[in-house]
Each structure stands twice: as C-alpha cells, then as structure tokens.
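Proteins come first, then strands; the chains are lettered A, B, ... in the order of their sequence lines, and each starts at number 1.
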There are 2 protein chains.
Amino acid sequence: MVIEEVPRRRADAVTETAATGRALPHPDREHIRLESVLHALSDPMRLQIVRELAAKEAELTCSQFDLPVTKSTTTHHFRVLRESGVVRQVYRGTAKMNGLRRDDLESLFPGLLDSVLAAADRQAARLGDTGRVPADG
Amino acid sequence: MVIEEVPRRRADAVTETAATGRALPHPDREHIRLESVLHALSDPMRLQIVRELAAKEAELTCSQFDLPVTKSTTTHHFRVLRESGVVRQVYRGTAKMNGLRRDDLESLFPGLLDSVLAAADRQAARLGDTGRVPADG
DNA sequence: GATCTCGTACGATGGTCATCGAAGAAGTCC
DNA sequence: GGACTTCTTCGATGACCATCGTACGAGATC
C-alpha cells in the first residue's frame, strides 16, 4: 500500500492552520485505475458531485453540495471519489476542500473526464434534468 | 418498456435461419443512460470484452472471447453490456453475435467510447497488461 | 473551556452484483 | 432423430455497496 502523503504543489493560498495533522490517503497518479474511476463516476450522486466540481472550477467543501443524502453517505461518496483518484481532498480547518484531479486524470486518460462531463451535460439537457433532485414536499 | 425489435440495417450477410424467433431486448437509443454505460464499462471483464470488440471491429460470438470465467458469468456480462446499450446482440443460428453500438453511443455521448478505449489502451500499456488474464497453472 | 460547525467512524440493513454449477433450450450436422 | 455446439436460466453464495443513525473528533469562535 504505497500511498503518498500528497505534498506536491498546490500550497499557495493555503493557510498554515490547514493540513496540520489530518492527512487523507490519496492514490498516487500511477495507481489510479480506469475501472475505479469509471466505477466512481457511474453513481448518479457522485457524477453529480463531479459535475458541480467541474462547473465551479474551484475547490468546494463537502457541505456546499446539496445532496439528498445524509452526511454519512456524503462522506462515503467523497471517499470513493478520493480513493479512486477523481478528487483531491485537503483539510482546511474544519472544512474539507474538494478539488477535481484534472491534471492527473488528463495525464493518465486524456480527454476522458471532459468526455464524461460533456456526456453528463448532454444527458441532463436531453432529459430536462439538471441532475438536481427535486425537494420533496 | 418501448424496446425496439432491432431490425435496422445489418441484414446483409445474415442467413434466413438467423434471428428467426429469439429476440433480445435492447434499450432504445434514447433510453441509454450514461451511468449505466459507465457502470457497464467499470468491470474489468466487460471492459476487456469491449476492448476486443473495438479492436476487431467486427461482430464476435460470445465464445470467441477467452474470458477466465464460466459460460454463465460470460452470459451475465454480455447481458449487462447489452442492457446498458453498449453492445448489440443478434442471434445467428446457435451463435450470438456481439457488436459495439458505436453509432448510438457516439450520437449520445460524442467521444466518450473512444476516450475510454484509449484510456484502457494506455493503462494496459502502462501496466504491461494487455488485459488478458494469465492462465493459472 | 463551552459551544458550534464540519466531517469521521461504526454498526446495521437492504440491495445489487459477480461468480459458480447444473439443467435446459435452440440450431446445426450427420 | 441423435449428437454436438452454443448460449440461457435458475438457485445459491459471498462480496460489495448505498444508505441511515448515532456517537465521536478536530477546529473555530466566543
């Protein structure tokens, strides 16, 4: 289980209080498996997360996503995304920032992420579904 | 469940004895879901099938694939691929021909299949793995 | 330090899935 | 018709997975 500590760049606007102790295990770029990525993206909830992440083009906290599931389930989905190599998670104080691993994915599987995102957009448009689940009531 | 009978072209070298009674349910193009396609492709066995199918650029019978699983399991995987809309299956006598639904997928999700196939090739090359599972013994 | 927010960990649950083996159905060939 | 090939169907099984609720941990704020 050779997993890096994820130092690598991305240490520019990060405050000192961030990433103090809690380190999150990420797969190294070379350990990202296509099957795992596809599996991660094949869940509607996770695909939705990735779409929002790509649309915002910024790091978002877990709680900024308006998912129709509990916090536990949200944690689960983010972990699947992280462990498959799709997102990078970094603690910033009590919040956990989530960022798409565009560079790594692009390097490993050129065009794949964009194809999937475009496909998701097309399908959402086609089905008149933005991916958002309507509130009950 | 509006599912076509799959007549559509591809009726050129087909003998009359083929496709007599047994019809296989395929999702109509508009019913193909991205999540299902990604899920179908996220299984190593099925990804391997799709890769071979794409490489050969021809319709292949189920038994032409050298998969390290039993026939039952093979049937299962081909059904998942068919029901997700990735492959088209047609009976030809006792054999069942499998063809990639390139046109449908390309129309729905442009570039997606090629991205996945390219990604699979890259990964196979990178891991020194052709996707083929070594025979035990 | 008390409290609040944000996320984690654990156990449980119901569902899906990949796999197998055995028995059967459909077509072809002698 | 009988044997052979090809794929299916069924039941079983063990694994994984999405989901929840509750309890907890780590920072931030007052």
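- The distance from atom NE2 of B:H26 to atom CD1 of B:I32, rounded to the nearest 0.5 Å, is 9.5 Å.
- Rounding to whole angstrom units, NE2 of residue A:H76 and C1' of C:dA12 are separated by 15 Å.
- Between A:L38 atom CG and D:dC17 atom P the separation is 15 Å, expressed in whole Å.
- With C:dC20, D:dA18, C:dA18 as the candidates, the nucleotide lying closest to the side chain of B:H39 is C:dA18.
- Using a 3.5 Å distance cut-off with no hydrogens or angles, the side chains of B:Q123 and A:E35 do pair a donor with an acceptor.
- The interatomic distance linking A:Q48 (CD) with D:dA18 (P) rounds to 16 Å, in whole Å.
- Atom CG of A:L100 and atom CG of A:L53 lie 5.0 Å apart (nearest 0.5 Å).
- Counted by atom type alone, B:S115 and A:S115 present one or more donor-acceptor pairs between their side chains at under 3.5 Å.
- Listed candidates were C:dA18, D:dC7, D:dT19. Nearest to the side chain of B:Y91 is D:dC7.
- Phosphate contact (OP1/OP2 of D:dC20, side-chain N/O of A:T73, threshold under 4.0 Å): present.
- Atom CG of A:L47 and atom P of D:dA18 are 13 Å apart (whole Å).
- Considering only side-chain atoms of A:H77, the nucleotide from D:dA18, C:dT19, D:dC20 that sits closest is D:dA18.
- Under the rule for a ring pair (Phe, Tyr, Trp, His ring centres under 6.0 Å), the partners of B:F78 that lie at least two apart in sequence or sit in another chain are B:F65.
- Residue order along DNA chain D, read from the 5' end via each residue's closest nucleotide, puts A:D43 first among A:D43 and A:S72.
- Residue A:R46 contributes atom CZ, which lies 12 Å from atom C1' of D:dC16 at whole-angstrom precision.
- For the residue pair A:S72 / A:T75, no side-chain donor-acceptor distance below 3.5 Å is found, with atom types taken as modelled.
- Atom pair B:N98:CG and D:dC7:P shows a separation of 8 Å (rounding to whole Å applied).
- Where A:T70 and B:M97 meet DNA chain D, the nucleotide closest to each residue was compared, and B:M97 sits on the side nearer the 5' end.
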For nucleotides 1-6 of chain D, list the nitrogen or oxygen atoms of the protein found under 3.5 Å from its nitrogen or oxygen atoms, one pair per line.
{"from": "D:dT6", "atom 1": "O4'", "to": "B:T94", "atom 2": "OG1", "distance (Å)": "2.7"}

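- In this structure, B:M45 atom CE and C:dC17 atom C1' are separated by 13 Å, rounded to whole Å.
- Of all heavy-atom pairs spanning B:L47 and B:L41, the tightest one is CB-O, 3.6 Å.
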